[in-house]
Amino acid sequence: MEHEEQPDESRTAAEIRQQPGTWPEVARTVAAARADIERLLGDALVDPRTRIVLTGAGTSAYIGEVVAPDLARHLGRPIEPIATTDIVADPRSVADDRPVLLVSFARSGDSPESSAAADLLQRFTPALHHIVITCNPSGALARRWADAKNAVVVALPDRLNDRGFAMTSSFTGMTLAALLALGLEVDVDAAARAAEDVLDSATSRAEAVAAADPARLVYLGSGAFKGLAREAALKCLELTAGAVVAVADTPLGFRHGPKSVLDERTVAIVFPSGDRYTHRYDEDITRELVEALGAGRVLVIGGDDGDWPIPGTTRLPDSLRAIVAAIPAQSIALACSLAHGLTPDNPFPGGEVNRVVRGVVIHEYPEG
């Protein structure tokens with residue numbers, strides 16, 4: 001059952017709650033574009049040298065990190081998540097003599113880097129094939145590529161174009177769209193059912209985390225969950241206007257210096273992988289964190305028997321599990337924002353940070 005918006009509920013809260021109901025819509029949208037997508041993929045992947053690059057900025061960049069491991073296994077090719085901000089700043093470090101299948105993710109498509117990154121790769125690669133996954137068909141990126149013969153624009157339903165400050169349903173919707181567009185068979189209904197179950201207790205569980213008054217949040221995950229950990233940390237920074245410092249790493253990488261962030265006001269959150277081998281490293285770091293912080297300041301989100309279990313997802317690929325686990329992460333960021341007396345839909349009333357990035361000047365890349 002779809003969760004309805006509650007009276008006086010912020011847009012951010014409503015957009016978190018609507019997510020399970022939007023995922024079947026995403027599946028139908030991708031299915032409607034299937035013929036065009038298959039044509040473009042056929043043109044792009046007939047050359048074994050073609051690179052597959054997933055791009056976006058901020059949250060949209062983390063979509064690529066979430067889906068890349070499962071898609072690489074599915075396609076039998078390397079997948080490269082590279083942020084638009086990296087492409088724009090140094091395009092020659094990305095472009096070479098190989099064709100590129102570029103998959104762009106953009107909530108609005110109006111961030112300057114979104115269009116500039118694709119234009120630069122079109123200029124500096126021998127052939128560019130472009131899939132645009134966006135929540136705004138009227139955005140600059142969608143308009144730029146709508147009629148291009150080497151592109152397909154997949155515009156998701158309008159309600160996924162989050163009106164709140166931070167990306168929530170747009171993140172999970174575009175993540176799911178990427179998996180489906182590139183041919184991974186996933187059980188959308190199972191993910192939606194699991195997400196509905198998660199939402200039933202999300203507010204109370206998230207409020208309990210916020211009640212611990214963390215000054216720092218640490219998010220850890222491997223594979224697809226590395227991307228989710230980075231997104232979860234960003235969501236907390238955004239919605240708390242930096243009042244709660246949040247960092248992300250992998251369970252193995254965390255010991256190599258980043259562990260220095262731990263103190264008595266830290267809460268650590270682990271997203272466990274469904275892969276048995278990888279999961280052993282999740283268990284190791286969880287035990288270590290409990291020893292350092294105490295059980296009350298360590299939270300395992302996911303699986304059937306964690307601190308915040310997500311039943312019904314054990315057979316799903318990690319990339320799909322991640323979009324379900326995103327809901328607890330978003331709920332924690334929302335609860336921490338409210339606990340600090342902020343307005344989640346506008347945590348930066350002075351305009352220091354904006355819903356669509358401002359202040360970026362795209363400089364002309366020199367000839368030669």
All pairs passing side chain to side chain donor-acceptor pair (under 3.5 Å) where residues 330-339 contributes a residue, at least two apart
Gln19-Gln330
What residue pairs, at least two apart or across chains, pass side chain to side chain donor-acceptor pair (under 3.5 Å) with a residue in residues 247-257?
Arg255-Glu288
Qualifying salt bridge (charged side-chain N to carboxylate O under 4.0 Å, His left out) pairs with a residue from residues 52-71, counting only residues at least two apart or across chains
Glu65-Arg230, Asp70-Arg73
Will you find, in the side chains of Ser169 and Glu15, an N or O donor that is under 3.5 Å from an N or O acceptor?
no
Pro157: partners by side-chain contact (heavy atoms from CB on, under 4.5 Å), with sequence neighbours left out:
Glu25, Thr29, Leu160
Acceptor/donor pairs from residues 175-183 side chains to any protein atom, 3.5 angstrom cut, sequence neighbours excluded:
residue	atom	partner	partner atom	Å
Thr175	OG1	Phe171	O	2.7

Check the angle between the aromatic planes of Phe271 and Tyr219 and answer parallel, tilted or perpendicular using the 30° and 60° thresholds.
parallel
Which pairs of donor and acceptor atoms, one on a side chain in residues 138-149, lie under 3.5 Å apart (sequence neighbours left out)?
residue	atom	partner	partner atom	Å
Arg143	NH1	Ser138	O	2.4
Arg144	NE	Asp119	OD1	3.1
Arg144	NH2	Asp119	OD1	3.2

Could you list the residues that satisfy side-chain contact (heavy atoms from CB on, under 4.5 Å) with Arg315, not counting sequence neighbours?
none
Please name all residues satisfying side-chain contact (heavy atoms from CB on, under 4.5 Å) with Leu237, sequence neighbours left out, ordered by chain then number.
Ala246
Heavy-atom nearest pair, Val298 first then Val290, reads CG2-N, 3.7 Å
Salt bridge check: are Lys235 and Glu238 linked by an N-O gap of less than 4.0 Å?
yes
Across all chains, not counting sequence neighbours, the side-chain contact (heavy atoms from CB on, under 4.5 Å) partners of Ala68 are Leu54, Ile79, Pro81
For Arg163 and Asp158: C-alpha separation, side-chain torsions, deciding distance, then whether salt bridge (charged side-chain N to carboxylate O under 4.0 Å, His left out) applies.
CA-CA 10 Å; Arg163 271 61 175 182; Asp158 180 68; 3.0 Å; yes
In Å, rounded to the nearest 0.5 Å, how long is the span from CG of Asn161 to CG of Leu156?
10.0 Å
Can you name the residues that form a side chain to side chain donor-acceptor pair (under 3.5 Å) with His340, not counting sequence neighbours?
none
Partner residues of Asp86 under the salt bridge (Lys or Arg N to Asp or Glu O under 4.0 Å) criterion, sequence neighbours left out:
none
Residues clustering with Tyr281 (ILVMFWY side chains joined when closer than 4.5 Å, directly or via others)
Leu252, Tyr277
